Amino acid sequence: MSFTRASLFDFPLLKPLVLSHHTSPVFASRRFVTRPIPGLSPAVLLPTRSTQIIAKSSSVTVQPVSEDASEDHQSKDVSGDSIRRRFLDFYASRGHKVLPSSSLVPEDPTVLLTIAGMLQFKPVFLGKVPREVPCATTAQRCIRTNDLENVGRTARHHTFFEMLGNFSFGDYFKREAIRWAWELSTAEFGLPAHRVWVSIYEDDDEAFEIWKNEVGVPVERIKRMGEADNFWTSGPTGPCGPCSELYYDFHPERGTGDDVDLGDDSRFIEFYNLVFMQYNKTEDGLLEPLKQKNIDTGLGLERIAQILQKVPNNYETDLIYPIIAKVLELANISYDSADEKAKTSLKVIADHMRAVVYLISDGVVPSNIGRGYVVRRLIRRAVRKGKSLGIDGDGKGSLKGAFLPTVAEKVIEMSTYIDSDVKQKSPRILEEIRQEELHFKKTLERGEKLLEQKLQDALSTSDKPCISGKDAFILYDTYGFPVEITAEVAEERGVSIDMDGFEVEMENQRRQSQAAHNVVKLTVEDDDEITKDIDDTEFLGYDSLSARAVVKSLLVGGKPVIRVSEGSEVEILLDRTPFYAESGGQIADHGFMYVNSDGNQDDAVVEVSDVQKSLKIFVHKGIVKSGALEVGKEVEAAVDADLRQRAKVHHTATHLLQSALKKVVGQDTSQAGSLVAFDRLRFDFNFNRPLHDGELEEIECLINRWIGDASRLETKVLPLADAKRAGAIAMFGEKYDDEVRVVEVPGVSMELCGGTHVGNTAEIRAFKIISEQGIASGIRRIEAVAGEAFIEYINSRDSQMKRLCSTLKVKAEDVTNRVDNLLEELRTARKEASDLRSKAAVYRASVMSNKAFTVGTSQTVRVLVESMDDTDADSLKKPVAVVLGSCPDKDKVSLVAAFSPGVVSLGVQAGKFIGSIAKLCGGGGGGKPNFAQAGGRKPENLSSALEKAREELVATLSEKLG
């Protein structure tokens, strides 16, 4: 088979998940006149008017197997948007809760991007969080880049795709999943029954009986397949179960013999995958039945659209072809006249721009690491493909412009039913794409020249031409060429890439730039053992800074213990806590825990320096300062009030900063990260240029005015939908429950936020920006201080100014002028010193002139080779016919050679001569035939180098002069 379902529980980053594909139904009671889709292949027909959705029975019924689709079903709207809606409606009418697509940036730290519809439900399937609904249905945006080289070359490979899914969390199971999948496919979507084949796991007799006896699929169209193809596992141990997949047969006339291969892409396409999670795999490899059996399905929207719209590939469906049409317009070519290479380029651009638009919308910006590298790589591949199509500049006459934003506009136009937020973010999306394209074009020409040189070198020096890993890394690191692009270009020329060498260079860079970070990791296995008897931690910190609590668990080195003593580093789990755990950009509270059994003296004291969360369980990290702590003991947990106040001040100030930025630089500015610490706040935001001094001053003034207004903050808990309708802004990287906490500064700011905040803006006291800088392409960072940190900052600056005034003997208001005057005096003194050194060099040269010697007989040349000690290079520029050397600094050598026209006429050139002498001093140089300069870093070799110069000059000139 061409696709297999992969585990989402043991994935390395970007591990592929099998594509399964879904769709949804709508019943119509009248015939339709069909028309071509504008700009789309004439083969795709749409109804001229919208269809009518009617209620569907929630009972599990199966339409009798019919060998052909009815005219009624063939006349339905088969647009991509309609298919998506029909799928969701089909399952909603059968008791499923329709849930929104999750972000392409997943909560799960083990995956880089959202690669499957079930990813947002992983904690439910693992039993880590309780189910909120018994069953759900979604249309999930997904990204896959594991088989990028196949995009555009095959009929159905994509980086961006939509996965339609229905999920059961211990509600219905195999029988309902199978029967509904069949009803959806044949009754709702009208697929001819004789064209639908089914695969099952080789030992899944239950599924076989349902397909054969209850649904009525002929035995010859049910294929039993092995574990590699049709058995899903979450890892070495844990939830697992058999799969069943539905395939569409494009060529039923080829028969139903035993030799039929469902992996034959020329005949079949897998469009729907059903996973039956019914076992738990033990460490011994045994399969134990799960108490709660689950269903996870996936149906690819692009695949079912290809089938229903009767086009030869996914790219010619109305989900993608309008984007291709826009590229055709920019390239000034027609689809029918394009050759296969050009069509591949068209498909790649359309596919990649879908991925790029939705990734940037979800907060990912181009960079050289992680998700940002995915975006950068996709944009740069699209730029190269555009160049191969002959698109110059913006495709509209400006050779300095960018064409991808024009393509992205079409993607955004089509985004309404995929993600309604995309259009609101379109200015930022388009600007990010424009900047990245133009930035790449600046280095593309230079990089292409270097790549061409390396390709020619490789082709001319070996029967098996190969570009070294180091050269590939230089192209990546210096010229912005993703190694995959280098490999593509090289492959076209028959040249390979030393990928092992490239990885070595990449690893060296990673080691140099890697920053240490702390992560609370409760693995699936550890979490089961550590938290199985522990309830969620009750957080009391909004209303109290101290509380009595019971120790539920102690961990040392990640392992449970019963007791810890003085000096031990420990992780403590309590039943309730006033400590805020790090989240939403705000760092954790610090404080102490006290054990006091007799009311007089503390039995134990634990200093808490960090608090993290695993789901809803708080993990307090600290060190036992005295005494001993045991599981089951009651403690007094006390938060450091001063540090909490600092965090509250900075968190509320961060909200004010975001509002001020939107007012000053634009509403489309959005948060890209934040840090709320005790000593400062840091706010990252999407913007494409540095802020002017005037803008920074305006932002500060706005915030300080709001602080002076002394507004009381309002905090309330609302349903998520109500909060969004009220205009509340979601914080970057946060996932929200159905009910959310809304923090509002009336008339100024309203955000969804679980952090701690001041009660009144007056508590912030004052706000000051201390820096503004770029940290990545399209990302700016502001650091600021407020409250007590503001006072400390001002006092520190005041102290520094007083010391400066004392040193310079001026008042504070005169410091700038005094520094300017000192700098000018320094520049003048340096120029005078240089002039004196030049005069001294001339004088010393005249004194040494009597040391010149004559070379030659019939013709003679006077030669002088001497050391000028510490004279600098500029002072050696008045030659007669000399080679002069000096050591102006500790690790520096300066050399000058000046040959008269007569010497040059003999074929002895100063530039060539001085370069070879400079190498003896660890350097190099050159210049004109009559005058040249050189340098080096080995002063200890100067004497021998000058002696060598003397010998070579004598020898060369003697030979020339005869």
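In this text, all values refer to a predicted model and were calculated from it rather than measured experimentally. Numbers here simply count residues along the sequence, with the first being 1.
Every residue two or more places apart in sequence or in another chain that forms a salt bridge (charged side-chain N to carboxylate O under 4.0 Å, His left out) with Lys326 is listed here: Glu329. Lys212 is linked by a salt bridge (charged side-chain N to carboxylate O under 4.0 Å, His left out) to nothing, counting only residues two or more places apart in sequence or in another chain. For Asn280, the side chain to side chain donor-acceptor pair (under 3.5 Å) criterion is met by no residue, not counting sequence neighbours. Taking the salt bridge (charged side-chain N to carboxylate O under 4.0 Å, His left out) definition, one finds that Arg377 meets it with Glu484, sequence neighbours left out. For His352, there are no ring pair (Phe, Tyr, Trp, His ring centres under 6.0 Å) partners at least two apart in sequence or on another chain. Take Ser345 and apply the side chain to side chain contact (heavy atoms under 4.5 Å, CB included) test, not counting sequence neighbours, and it matches Lys385, Ser388, Leu389.
Shown here for Leu404 and Ala382, the closest heavy-atom pair between the two residues is CD2-CB, 3.9 Å. In terms of heavy atoms, Pro106 sits closest to Leu119 at CB-CD2, 3.6 Å. Considering all non-hydrogen atoms of both residues, Ser244 and Ser199 come closest at OG-O, 2.9 Å. Residues Lys347 and Gly152 share a closest heavy-atom pair of CD-O, 3.5 Å. Smallest separation of non-hydrogen atoms from Val151 and Thr344: O-CG2, 4.4 Å. Heavy atoms only, all atoms of each residue included: Leu246 and Ala181 are closest at CD2-O, 4.2 Å.
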Criterion side-chain contact (heavy atoms from CB on, under 4.5 Å) on Phe121 and Leu99, from CA distance to verdict | CA-CA 11 Å; Phe121 305 117; Leu99 297 177; 3.7 Å; yes

Trace of the side-chain contact (heavy atoms from CB on, under 4.5 Å) decision for Lys410 with Val327 | CA-CA 10 Å; Lys410 175 57 69 173; Val327 184; over 6 Å; no

List the steps and the verdict of salt bridge (charged side-chain N to carboxylate O under 4.0 Å, His left out) for Arg254 and Asp249.
-> CA-CA 10 Å; Arg254 296 183 185 176; Asp249 185 356; over 6 Å; no

Check the pair Glu220 / Val260 against side-chain contact (heavy atoms from CB on, under 4.5 Å), numbers first and verdict last.
-> CA-CA 10 Å; Glu220 60 270 19; Val260 170; over 6 Å; no

Determine, stepwise, if the pair Gln306 / Thr317 fulfils side-chain hydrogen bond (donor to acceptor under 3.5 Å, both in side chains).
-> CA-CA 6 Å; Gln306 177 195 342; Thr317 67; over 6 Å; no

Tell me, with the steps shown, if Asn294 and Val124 meet side-chain contact (heavy atoms from CB on, under 4.5 Å).
-> CA-CA 10 Å; Asn294 303 311; Val124 180; over 6 Å; no

Carefully, step by step, assess Asp81 and Arg84 under the rule salt bridge (charged side-chain N to carboxylate O under 4.0 Å, His left out).
-> CA-CA 5 Å; Asp81 288 339; Arg84 184 190 306 107; 2.9 Å; yes

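Note: Ile143 CD1 to Ile115 CD1 = 11.5 Å, rounded to the nearest 0.5 Å. In this structure, the separation between CG on Leu88 and CG on Asn166 is 10.0 Å, given to the nearest 0.5 Å. Here the straight-line distance linking atom CE of Met163 with atom OG1 of Thr114 works out to 12.0 Å at 0.5 Å rounding. Atoms CD and OG, from Gln120 and Ser103 in turn, are 10.5 Å apart once rounded to the nearest 0.5 Å. Here the straight-line distance linking atom CH2 of Trp211 with atom CD1 of Ile200 works out to 10.0 Å at 0.5 Å rounding. For the atom pair Glu209 CD and Glu214 CD, the distance stands at 9.0 Å (nearest 0.5 Å).
When side chains are defined from C-beta on, Arg141 counts as touching Asp362, because their heavy atoms get closer than 4.5 Å. Between Ser415 and Tyr358, some side-chain heavy-atom pair lies under the 4.5 Å cut-off. The shortest side-chain heavy-atom distance between Ile295 and Glu176 does not fall under the 4.5 Å cut-off. Using a 4.5 Å heavy-atom threshold, the side chains of Tyr321 and Val311 count as separate. No side-chain heavy atom of Leu262 sits under 4.5 Å from any side-chain heavy atom of Glu270. With a 4.5 Å cut-off on side-chain heavy atoms, Pro134 and Tyr172 do not count as touching. Considering only heavy atoms from C-beta on, Met277 comes within 4.5 Å of Trp232 through its side chain. Using a 4.5 Å heavy-atom cutoff, the side chains of Tyr315 and Lys343 are not in contact.
Judged by distance alone, with hydrogens and angles left aside, the side-chain atoms of Arg371 form no donor-acceptor pair with the main-chain N or O of Leu359 at under 3.5 Å. For Arg156 (side chain) and Asn314 (main-chain N/O), no donor-acceptor pair under 3.5 Å exists by modelled atom type. Gln140 places no side-chain N or O within 3.5 Å of a backbone atom of Met118 that could act as its donor or acceptor partner. Judged by distance alone, with hydrogens and angles left aside, the side-chain atoms of Gln309 form a donor-acceptor pair with the main-chain N or O of Asp318 at under 3.5 Å. In terms of modelled atom types and a separation under 3.5 Å, the side chain of Asp351 and the main chain of Thr159 share a donor-acceptor contact. In this structure, Ser82 contributes its side chain and Ser79 its backbone to no donor-acceptor pair below 3.5 Å.
With a 6.0 Å cutoff to the six-membered ring centre and a 45° limit on the axis angle, Arg94 counts as a cation-pi contact of Phe90.
Around atom CG of Asn332, no more than 12 heavy atoms belonging to other residues, nucleotides or ligands sit under 6.0 Å away. The number of heavy atoms from other shown groups lying within 6.0 Å of OH (Tyr279) does not exceed 12.
Aromatic ring orientation, Trp180 versus Tyr91: perpendicular (interplanar angle above 60°, classes split at 30° and 60°).
Between His96 and Phe167, the gap from one ring centroid to the other reaches at least 6.0 Å. For Phe276 and Tyr201, the gap between ring centers reaches or exceeds 6.0 Å.
For Arg354 and Glu302, the salt-bridge test passes: some basic side-chain N is under 4.0 Å from an acidic carboxylate O.
Between Arg224 and the options Asp203, Asp204, Asp205, a salt bridge (charged side-chain N to carboxylate O under 4.0 Å, His left out) holds for only Asp205. Checked options Lys293, Gln292, Glu206, Lys174; the residue passing with Gln278 is Lys174 (criterion: side-chain hydrogen bond (donor to acceptor under 3.5 Å, both in side chains)).
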